[in-house]
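When a residue number appears, it is its place in the shown sequence, counting from 1. Note that the structure is predicted; figures quoted are calculated from it, not measured.
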Amino acid sequence: MAELRHSTVAAAARASNSPAKRDSDASASSSPFSAASTARGRDDDGKDAHRSSPLLPHHHHHHKQLLPSPFRSLIALEDPRAPTASLSYRILLAVLALLLLAVLFSAPSPWSRLNTPYLCQKEGITLHCPQTKEPLSLWENPRAATTSWKPCAERRSDEPSDVRPENETSGYIFIHAEGGLNQQRIAICNAVAIAKIMDTTLILPVLKQDQIWKDQTKFEDIFDVDHFINYLKDDVRIIRDIPDWFAEKDELFTSIKRTVKNIPKYASAQFYIDNVLPRIKEKTIMSIKPFVDRLGYDNVPMEINRLRCRVNYHALKFLPHIEEMADKLATMMRNRTGSGNPYMALHLRYEKGMVGLSFCDFAGTREEKVMMAAYRQKEWPRRYKNGSHLWPLALKKRKEGRCPLEPGEIAVILRALGYTRETQIYVASGQVYGGNNRMAPLRNMFPNLVTKEELAGAAEMAQFRKHVTSLAALDFLVCLKSDVFVMTHGGNFAKLIMGARRYSGRHRLKSIKPDKGLMSRSLGDPYMGWASFAEDVVITHQARAGLPEPTFPGYDIWENPLTPCMCRA
C-alpha cells in the first residue's frame with residue numbers, strides 16, 4: 001500500500017507539464033499540512049519540496065508544523081473540510097464561541113449600561129430612586145459595642161474650690177457673645193475659660209444682636225442664669241451685671257482704653273496671661289472685642305478644656321418652658337405613626353446666605369444663577385470680583401467635599417443608607433434657598449417630613465416667636481433627642497449636636513456626617529449603578545456615625561469631646 005501510494009503521488013507530479021500547473025503543485029507541496037508533502041521529502045528532481053516556494057523559509061515551515069490541527073485550519077493552512085481537520089476545527093469553533101459568550105456576559109454591554117438602574121431618575125421636580133433593603137443597623141450605631149466611654153467633665157466631689165475672694169480678684173472681663181445661638185454658646189464657654197485662666201471675675205455675657213438673625217434676646221431669655229452662676233461658683237466668680245461703682249458702663253465697648261482688641265484666633269492660654277491680664281489689672285474692668293474663636297484647644301491646660309465642657313454640657317441649661325416644649329415635640333415625632341417609633345433629625349443647611357457664602361455652583365434655573373451672582377457681588381464684592389474665577393473654584397470645592405448638600409442630594413444618600421419612605425424626619429433649618437421647588441425631591445422621597453411649625457399649632461409657637469434664639473433652641477433640643485441625627489454641612493449647630501450626643505452617651509445612636517466628596521464623585525460617574533453607589537455609601541458611613549474618636553492637635557472639642565471630657569467606663 002505504501003508503494004502504491006508513493007507511485008500514485010509521483011505519477012501525479014510527473015503529469016504536471018504546464019508552468020501554471022507546476023507552480024500550483026509547488027505551492028501545494030510547500031504547505032506543511034499537505035498530504036503529498038508529508039508523504040515525500042523530495043520531488044522528482046531530488047530537491048527539497050519546501051524549498052521550491054520562496055515565500056516559506058524552512059524554519060517557518062517547521063514552526064507551523066508544530067501548531068495543533070485546529071489552529072492550522074483557522075489560519076487557512078489546512079482545508080477545514082479535510083477529514084483530518086473537521087473534528088478539531090469544530091471543537092476550536094465551539095471553544096471560541098464559549099469564550100466570546102463569556103466575555104459578553106462579563107463585560108457591560110452598551111445595552112446593559114443603558115438599562116442599568118442608575119442613582120436616580122428625575123421626572124419634573126421629582127426624584128425616583130431605587131428601593132433598598134432596610135439594614136438591621138438602621139437606627140443603631142454598628143460599632144457602638146466597641147466603645148466604653150462616659151462623661152467626666154463635672155467637678156469631682158473632692159475637688160476644693162480655688163476661687164479667690166471678691167476683693168482679691170485680678171479684675172473684671174465683659175464680652176459680647178456674637179452670632180447665632182450656637183456661636184454665642186461657644187463664646188460663653190470660652191469666656192468662662194479665659195476668666196479662669198486669668199483669675200478674673202466674669203460679668204454675665206451679653207448676647208449681641210446679630211445682623212442676620214436680627215434678634216434682641218438676652219442671656220436670661222434663653223438660659224437659666226441662677227443655675228449657670230451657682231453651678232460654676234467653685235470654678236469662676238460670675239456676676240449678673242457691671243458693678244455699680246463703675247461709672248463708664250455705656251462706654252465700656254466704645255472706649256479704646258477699656259477694650260482689648262487684636263486677640264488672634266485660637267490664642268493660647270499664655271497669650272492671655274502675657275498680653276491681656278496686665279491691661280485688666282491696670283484698668284480693673286475691660287471688655288474683649290471681638291470674641292469669636294479667641295481661645296485654642298490644644299494650647300491650653302487640660303483642666304481648661306475640661307472646664308469648657310463643664311460649661312457647655314452642665315452649666316448652660318435652657319429655661320424650663322423651652323425644655324418642656326422640646327420634649328413635647330420629640331414625643332409628637334415618635335407618636336405620629338404609632339407609639340415609640342424612632343425619628344430622624346435632619347439639619348438642613350441650605351439658606352440663601354449659606355449658598356452664597358459657599359461660592360459653590362448648584363443646579364438651578366438661569367434666573368436663579370443670575371440672581372445669586374448679583375447677590376454674591378453685593379455681599380462679598382472682594383471675593384466675587386468679576387466672577388470669572390468662581391467656576392473652577394466651585395468645581396474644586398465640590399470635589400473636596402466643601403459644598404453644602406442640596407435637599408435632593410441628601411435624599412439620595414438617605415435612600416442609599418436604607419431609609420424608606422416611611423421614615424419620620426424632623427427638619428431643623430432656616431428658609432431653604434429655592435423654596436418648595438428645591439425641597440420637592442426630599443419631600444417626594446420622604447413624605448413624612450415635618451418642621452416644628454407643622455408639628456405644633458400657631459398658638460403654642462407664639463411665645464417662642466418673640467425670640468429667634470428660642471426657635472433655634474427648640475431645634476437644638478429636638479435634634480439632640482432624636483434617634484438619628486444627620487447634618488448636611490458644617491457649622492456650630494451641627495458640631496455642638498454631634499459633641500453633645502457623643503458626650504451624653506447617645507453615640508450609641510447614629511449621628512451621621514455625610515461624605516460630601518463621595519457624593520460628588522459618585523454623581524460625576526455616568527456608569528455607576530445604584531447597587532454600587534449604595535454599597536459605597538453604606539461602607540463609607542459606617543465610620544461616620546458619631547462615635548467618640550481619638551483627638552489630635554487642632555481638634556475641635558465641640559464636635560468631639562473625647563479628650564479630656566470623657567473617660568473610659
Side-chain angles (χ1 to χ4, degrees), residues 126-145 318 322-348 405 407-408 410-429 432 439-458 460-461 464 471-488 493-494 497-498 500-502 504-514 534 537-538 541-542 544-547:
T126 303
L127 274 180
H128 298 285
C129 296
Q131 294 287 342
T132 57
K133 186 177 180 181
E134 188 169 328
L136 296 177
S137 60
L138 197 61
W139 300 99
E140 297 178 0
N141 202 316
R143 298 165 55 209
F318 292 113
I322 297 177
E323 296 270 1
E324 292 169 5
M325 188 62 191
D327 287 337
K328 184 177 180 179
L329 291 172
T331 302
M332 294 172 69
M333 284 298 303
R334 291 200 168 89
N335 294 337
R336 294 189 73 217
T337 58
S339 177
N341 290 325
Y343 75 93
M344 173 191 296
L346 174 63
H347 183 224
L348 189 58
L405 292 173
I410 192 63
V412 173
I413 290 179
L414 294 179
R415 181 60 59 83
L417 288 171
Y419 295 99
T420 63
R421 286 176 58 85
E422 291 71 31
T423 304
Q424 302 293 321
I425 301 181
Y426 177 92
V427 177
S429 72
V432 173
M439 285 291 293
L442 179 60
R443 285 192 178 276
N444 289 332
M445 293 176 67
F446 297 97
N448 295 320
L449 182 148
V450 293
T451 62
K452 54 184 174 294
E453 290 81 5
E454 294 169 329
L455 274 177
E460 289 181 295
M461 298 301 298
F464 299 98
L471 297 175
L474 289 176
D475 279 343
F476 184 92
L477 290 173
V478 178
C479 289
L480 187 62
K481 300 171 187 293
S482 66
D483 298 278
V484 169
F485 172 71
V486 181
M487 57 182 288
T488 62
F493 183 98
I497 292 291
M498 295 279 285
R501 288 169 70 90
R502 281 170 163 149
S504 65
R506 297 188 69 83
H507 58 271
R508 296 188 179 277
L509 302 179
K510 286 186 177 179
S511 298
I512 301 174
K513 187 176 183 179
V537 169
V538 170
H541 290 83
Q542 285 180 350
R544 302 175 70 89
L547 292 178

Main chain of [Y], side chain of [X]: is a donor-acceptor contact present, judged purely on distance under 3.5 Å?
| X | Y | answer |
| --- | --- | --- |
| T423 | N448 | no |
| R501 | S482 | yes |
| R544 | P514 | yes |

Any side-chain heavy atom of [X] within less than 4.5 Å of one from [Y]?
| X | Y | answer |
| --- | --- | --- |
| R415 | F446 | yes |
| P407 | L348 | yes |
| V450 | Q424 | no |
| I512 | L417 | yes |

Inset, instruction - For the residue pair W139 and Y419, categorise the inter-ring angle as parallel (less than 30°), tilted (30 to 60°) or perpendicular (more than 60°). - result: perpendicular
Legend entry - side chain to side chain contact (heavy atoms under 4.5 Å, CB included) partner of R443, chosen from L449, V427, I425: L449
Legend entry - Over 12 non-hydrogen atoms of neighbours within 6.0 angstrom of NZ in K513: no
Inset, instruction - Could I get the full list of side-chain hydrogen bond (donor to acceptor under 3.5 Å, both in side chains) partners for N335, not counting sequence neighbours? - result: none
Inset, instruction - List in chain and number order the residues that pass side-chain hydrogen bond (donor to acceptor under 3.5 Å, both in side chains) with Y343, two or more places apart in sequence or in another chain; answer none if no residue qualifies. - result: none
